[in-house]
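Data block below; observations after.
Just the heavy atoms: all of them, side chains too, but no hydrogens, waters or symmetry mates, feed the values below. Small disclaimer: the values here were computed from a predicted structure and weren't measured.
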Amino acid sequence: MNTTPSSPLHSTSKTASDLPGSALDQPQVDATRRVRAAGERALVLGGGGSTGNAWLIGVIAGLFDAGLDVTGADLIIGTSAGSTSAAQITSATPAELLAALLSAAPQARTAPVRSDGGRGRVGPAASHMERTGRIIAAAEDAADMRRRMGASALELDAASDGSGQTRWRDTVAARLPSQRWPERTVLITAVNADTGEPVVFDRHSGVDLVDAVAASCASAFAYGIGGSRYIDGGYRSNAENADLAAGYARVLVLSPFGGRSRTPVDWGMHLATQVDELRAGGSRVETIFPDGDSEHMFGANAMDLSLRPPAARAGYNQGRALAEQLTGFWH
């Protein structure tokens, strides 16, 4: 097995605003210091937009149907679309989630299917990619990039009427089978837009699960929780944030974007770098990336709702095909 992107397998319910003022302070909200230093099995669910979420659910359902249940991991790390998946698989079965995905009403295509076709990226997705690309190019390092991303999101928010926050929360809530944090260790990543500091939410953070997921998925604006605002968890370290699994014996990473990163290699944010660090620390690591036949459904097409069913089916087929190979590793 290898770790190159070309291969499918490489190695209390109160809201923060209801809590006392101290619960809104960064040290209380950020769960990084509570992350266990060691454990047996960690499942890392990376970001990847709407199609990424569908693919993640498909892979997990395929593994499950082939006899390998990874939803019982001791640690689950969710970033952006992966945070939605993390919340979903801890409150519904893979079969239920996949069935709901495949039975959803057909959606109109909102983006091109192939980058070499006649239709290029259009609308908000293209604008967002261009804006964030300029920020990454101008940043000196990862910390500077996070500060700039936060400032840009806050600037966009200042120009809006503020109604997007409520609509986004309602959208996220509708995607979750349960709005209660699971009892197991689930970590959801984000970045504080006001300070640029990385943040990790868990069930002890004084933040509703819906709000944690909404913050982790806030790629084009800053999502407010209590007195702070947050942006997409993919800016914390990378689209997977696999570094949070340090000390776990076995780490399975599902990466819809195939381990790719838009940041310079020397920033140390690439998945391959984090995998090397995990292995150097004694972890066994395997990663699953979309196969070559389904890569066109990600990247520029990640927010195309019409591609969710085929992305889920592609993930399901991969999961079933890889289950036997991964069983020995996971157990």
Min side-chain heavy-atom separation Trp330-Arg41 under 4.5 Å: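 Yes, side chains in contact.
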Close side-chain approach of Ile288 and Trp55, heavy atoms under 4.5 Å: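 A side-chain contact under 4.5 Å exists here.
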Qualifying salt bridge (Lys or Arg N to Asp or Glu O under 4.0 Å) pairs with a residue from residues 215-227, counting only residues at least two apart or across chains: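 Of all non-adjacent pairs touching residues 215-227, none passes salt bridge (Lys or Arg N to Asp or Glu O under 4.0 Å).
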Donor-acceptor pair between Glu240 and Thr79 side chains, under 3.5 angstrom: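 No, no side-chain donor-acceptor contact under 3.5 Å.
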From Leu271 atom CG to Arg260 atom CZ, the distance as rounded to the nearest 0.5 Å: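 Interatomic distance, Leu271 CG to Arg260 CZ, rounded to 0.5 Å: 11.5 Å.
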Partners passing side-chain hydrogen bond (donor to acceptor under 3.5 Å, both in side chains) against Arg148 (at least two apart in sequence or in another chain):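 If we apply the side-chain hydrogen bond (donor to acceptor under 3.5 Å, both in side chains) test to Arg148, skipping adjacent residues, the hits are Asp144.
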With sequence neighbours excluded, residues passing side-chain hydrogen bond (donor to acceptor under 3.5 Å, both in side chains) with Glu96: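 Expected list: Thr93.
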Asn241 to Ile77 - nearest heavy-atom pair and separation: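 Minimum heavy-atom contact is O-CG2, 4.0 Å.
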Closest heavy-atom pair and its distance - Ser83, Ile188: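 Taking Ser83 first and Ile188 second, the nearest heavy atoms are CB-CG2, 3.7 Å.
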Under the salt bridge (Lys or Arg N to Asp or Glu O under 4.0 Å) rule, collect the residues that match up with [X], sequence neighbours excluded.
{"X": "Arg250", "answer": "Glu40"}
{"X": "Asp194", "answer": "Arg229"}
{"X": "Arg320", "answer": "none"}
{"X": "Arg308", "answer": "none"}

Aromatic ring proximity, centroids under 6.0 angstrom, Phe289 and Phe257: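 Between Phe257 and Phe289, the centre distance exceeds or equals 6.0 Å.
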For [X], give me all partners under side-chain contact (heavy atoms from CB on, under 4.5 Å), at least two apart in sequence or on another chain.
{"X": "Thr90", "result": "Ile76, Pro182, Arg184, Val186"}
{"X": "Ala104", "result": "none"}
{"X": "Ala214", "result": "Trp168, Val172, Tyr223"}
{"X": "Thr84", "result": "Asn53, Gln88, Arg175, Leu176, Val213, Cys217"}

Salt-bridge contact Asp208-Arg169 (side-chain N to carboxylate O under 4.0 Å):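 Salt bridge flag = yes for Arg169 with Asp208.
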ring-ring contact (aromatic ring centres under 6.0 Å, His included) partners for Tyr235, two or more places apart: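 Tyr235 satisfies ring-ring contact (aromatic ring centres under 6.0 Å, His included) with no residue once adjacent residues are dropped.
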Thr273 vs Asp276, side chain to side chain donor-acceptor pair (under 3.5 Å): CA-CA, chis, key distance, verdict: CA-CA 5 Å; Thr273 300; Asp276 288 343; 5.8 Å; no
